[in-house]
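One structure is given below, encoded as structure tokens.
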Amino acid sequence: MAGRSTIAFSLLLSSSLSSLSSSSSSFASPAAAFTSKLPASRSFASAALPEASPPPAPPPSKCRSQSSSSSSSEAAAIDGTEEEEKEEKKEKKVYLPSLPLPPPLFSTVPGTWAHDTMSRRVESEILERTYDEMRDEFHSPGFESALEGMERLRSELRDASNVKIRHLRELTYDDDNENESRAREREEWRAILEPFVSKGDTWLSAPWMVAEFYLYRRLMEEIGYFDPSNPTTHLWDPFLKAKRAGLATSVASAENVMARVEGLPPTREGTGLAAAFALWGNKMDLSIWPADAANADRDVFSEILERAGENLLHDDANELEDHCEGLRERGGGNVDVIVDNAGFELVTDLALADHLVSAGVAGVVTFQLKSHPTFVSDAMEKDLRETVEHYASLDAERYPYAQRAGVRWQKYLDDGKWVCREDNFWVQGSAMWDMPEPLRSDMTSRCDLAFVKGDANYRRLLGDRDWDYTAPFQDVVGAYFPCPVCALRTLKAEVGCGMDADQVERASGLDDQWMVNGRFGVVHFGTGFADA
């Protein structure tokens, strides 16, 4: 393992817990329904097992990887597509991992989290819960077309193995400004989807990352999110109640975290601890663990932190801290946070950004945010600003540290030390090495360090491909990313890299669901493509 060992990390983190109240509350994950055993090797089921809910455990004696379970026609189609892409990219500058690209993950293999997600979870859990939470709105005047669209999408997903994906519908409304921006975004999606639409891929046979991001974009289409002709559903966030519930239940845990963050020293150890809070905040993902009003006054985060050291599978904290010290010594740099979830995780991201500014590591922190609602809890600019306003307006007697943090955060926004940017790229199902212009050039020239938060962003860093778990992060991500990059991720999908074989063996021995339930985490650091 590069950098500081998990033992040292555990000692650093445990030193902070004296100021954090412990909690006896359990933090059970609905991912426990996923019972397939993921062994230390990249072994998944290759035999076609009967579909069930939850999925059956794949036999460990089957073939080595999920990619070899994909049909030969899928592999041939992907190979053909990649050959065409390589020819096309010869004519322009290309940024790719330095290792050969393995095949992408598909949702066709029963017993995998990808299959369970696309064949069951997205329809019967995520969209069902969204409908239940927004039932009153869906049955209100002006929502008739949104309700019809929601049911149309759910109907497709109930038959995901047979229903073919399609391109987004043509624009039908007249707003010129809206048309221009949406037309550009639709063309980007057309380019992403074309290889799979043209060969008749279904929701399951298209690559998992493409299909899952496409699901949320289709939901926006079906509810009329971008259609200004219906003011009732135009820019209506179907996940708003879930996000606000997550925000409301975040405060009890956040109060104790903010007490510690406020006193962090402007040192490398302070930076490491702030990053640790942001890492383990990723465990609290509303798409997997919905906010529970019963826990609104409980500090559920302390229990997660108490086990953080033993659950860290790779730690590049030394490399991260060295880089941050360099930024501090030169008077502070430009740091980006590619944000994942709203709710408590966003609060820990704000705490990290708070420390980076106050400690002199960053002169400006730019939050890269989603341009439309996606993955239930992923954060947009409006969610970040609402979080800051909520914390600044807390009862200062009951939550003094959290309230003071909110006031500081608002001042950072007002003074331009914190900047919010939304971009369509962050909600699209393409690999991060396909980052378009001008976004890539901006990050290359402006950004001194990017924190990439969460599982979906991490999957995109890896192109959602079947990398060997021990493949070095520098060779997979650091070789192409436009600037120095630190990935903070708790594992919620069957994809990964940069982990030592003994840590993979240990995790798989401790927990059959080690790749999907958010128990384990990684801190990865890469230098970025030096000549980008």
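Because the structure is a prediction, the values reported are computed rather than measured.
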Compare every heavy atom of [Y] with every heavy atom of [X], then report the nearest pair and how far apart it is.
X	Y	answer
L461	Y480	O-OH, 2.7 Å
C420	L384	SG-CD2, 3.8 Å
D349	D340	OD2-N, 4.4 Å
W113	A493	CD1-CA, 4.2 Å
Y458	A487	CD1-CB, 4.0 Å
T233	A146	CG2-CB, 4.0 Å

To the nearest 0.5 angstrom, please state how far the [atom1] atom of [X] sits from the [atom2] atom of [Y].
X	Y	atom1	atom2	result
F226	R217	CZ	CZ	4.5 Å
M432	R460	CE	CZ	5.0 Å
K382	E422	NZ	CD	9.0 Å
D336	F451	CG	CZ	10.5 Å
R489	F520	CZ	CZ	12.5 Å
E148	F143	CD	CZ	14.0 Å

Whether [Y] and [X] form a salt bridge (side-chain N of Lys/Arg under 4.0 Å from carboxylate O of Asp/Glu) is what I want to check.
X	Y	value
D383	K370	no
K241	E137	yes
R169	E222	yes
K411	D414	no
E151	R158	yes
R421	D442	yes

Side-chain donor or acceptor of [X] paired with backbone N/O of [Y] under 3.5 Å:
X	Y	value
S205	D201	no
K453	A278	yes
N282	T490	yes
S250	L247	yes
N334	R446	yes
R121	D116	no
H524	C497	yes
N230	G142	yes

task: Start with the C-alpha distance between R182 and E185, add both sets of side-chain angles, then the distance that settles salt bridge (Lys or Arg N to Asp or Glu O under 4.0 Å), and finish with yes or no.
output: CA-CA 5 Å; R182 293 276 62 81; E185 184 252 3; 3.5 Å; yes
Looking only at side-chain N and O atoms, does [Y] offer a donor or acceptor that is under 3.5 Å from a partner on [X]?
X	Y	value
S441	E437	yes
N424	Q428	no
H167	E194	yes
N162	D159	yes

**Q.** Cation-pi, W203 ring and R218 (6.0 angstrom, 45 degrees)
**A.** no
inquiry  = Would R440 pass as a cation-pi partner of F425, given that its NZ or CZ must be under 6.0 Å from the six-membered ring centre and within 45 degrees of the axis?
reply    = no
* Please test I165 against T202 for side chain to side chain contact (heavy atoms under 4.5 Å, CB included), starting from the C-alpha separation and ending with a verdict. => CA-CA 5 Å; I165 61 173; T202 68; over 6 Å; no
After noting the C-alpha distance and the side-chain angles of F525 and V485, does the key distance pass the side chain to side chain contact (heavy atoms under 4.5 Å, CB included) rule?
-> CA-CA 6 Å; F525 183 83; V485 55; over 6 Å; no
If you define the side chain from C-beta out and look only at heavy atoms, does anything of [X] sit under 4.5 Å from [Y]?
X	Y	value
D378	N341	yes
V257	V347	no
T232	P141	no
T112	L105	no
H139	L147	yes
M150	M134	no
L153	E221	no
V419	V365	no

* Please test D434 against I192 for side chain to side chain contact (heavy atoms under 4.5 Å, CB included), starting from the C-alpha separation and ending with a verdict. => CA-CA 10 Å; D434 289 325; I192 294 169; over 6 Å; no
With a 6.0 Å cut-off on the ring centroids, do [X] and [Y] count as close?
X	Y	value
W208	F196	no
W409	F367	no
F213	F375	yes

Report task. Evaluate the salt bridge (Lys or Arg N to Asp or Glu O under 4.0 Å) criterion for residues R385 and E381: first the C-alpha distance (whole Å), next the side-chain angles of each, then the deciding distance (0.1 Å), finally the verdict. Result -> CA-CA 6 Å; R385 292 186 179 277; E381 180 174 353; 2.8 Å; yes
Original post:
More than 12 foreign heavy atoms under 6.0 Å from NZ of K417: is that the case here?
Top reply: no
List the steps, then state whether salt bridge (Lys or Arg N to Asp or Glu O under 4.0 Å) holds for E212 with R459. CA-CA 12 Å; E212 193 168 16; R459 287 168 57 192; 2.8 Å; yes
Applying side chain to side chain contact (heavy atoms under 4.5 Å, CB included), run through R244 and E386 and close with a yes or a no.
CA-CA 9 Å; R244 286 182 172 169; E386 182 174 356; 2.8 Å; yes
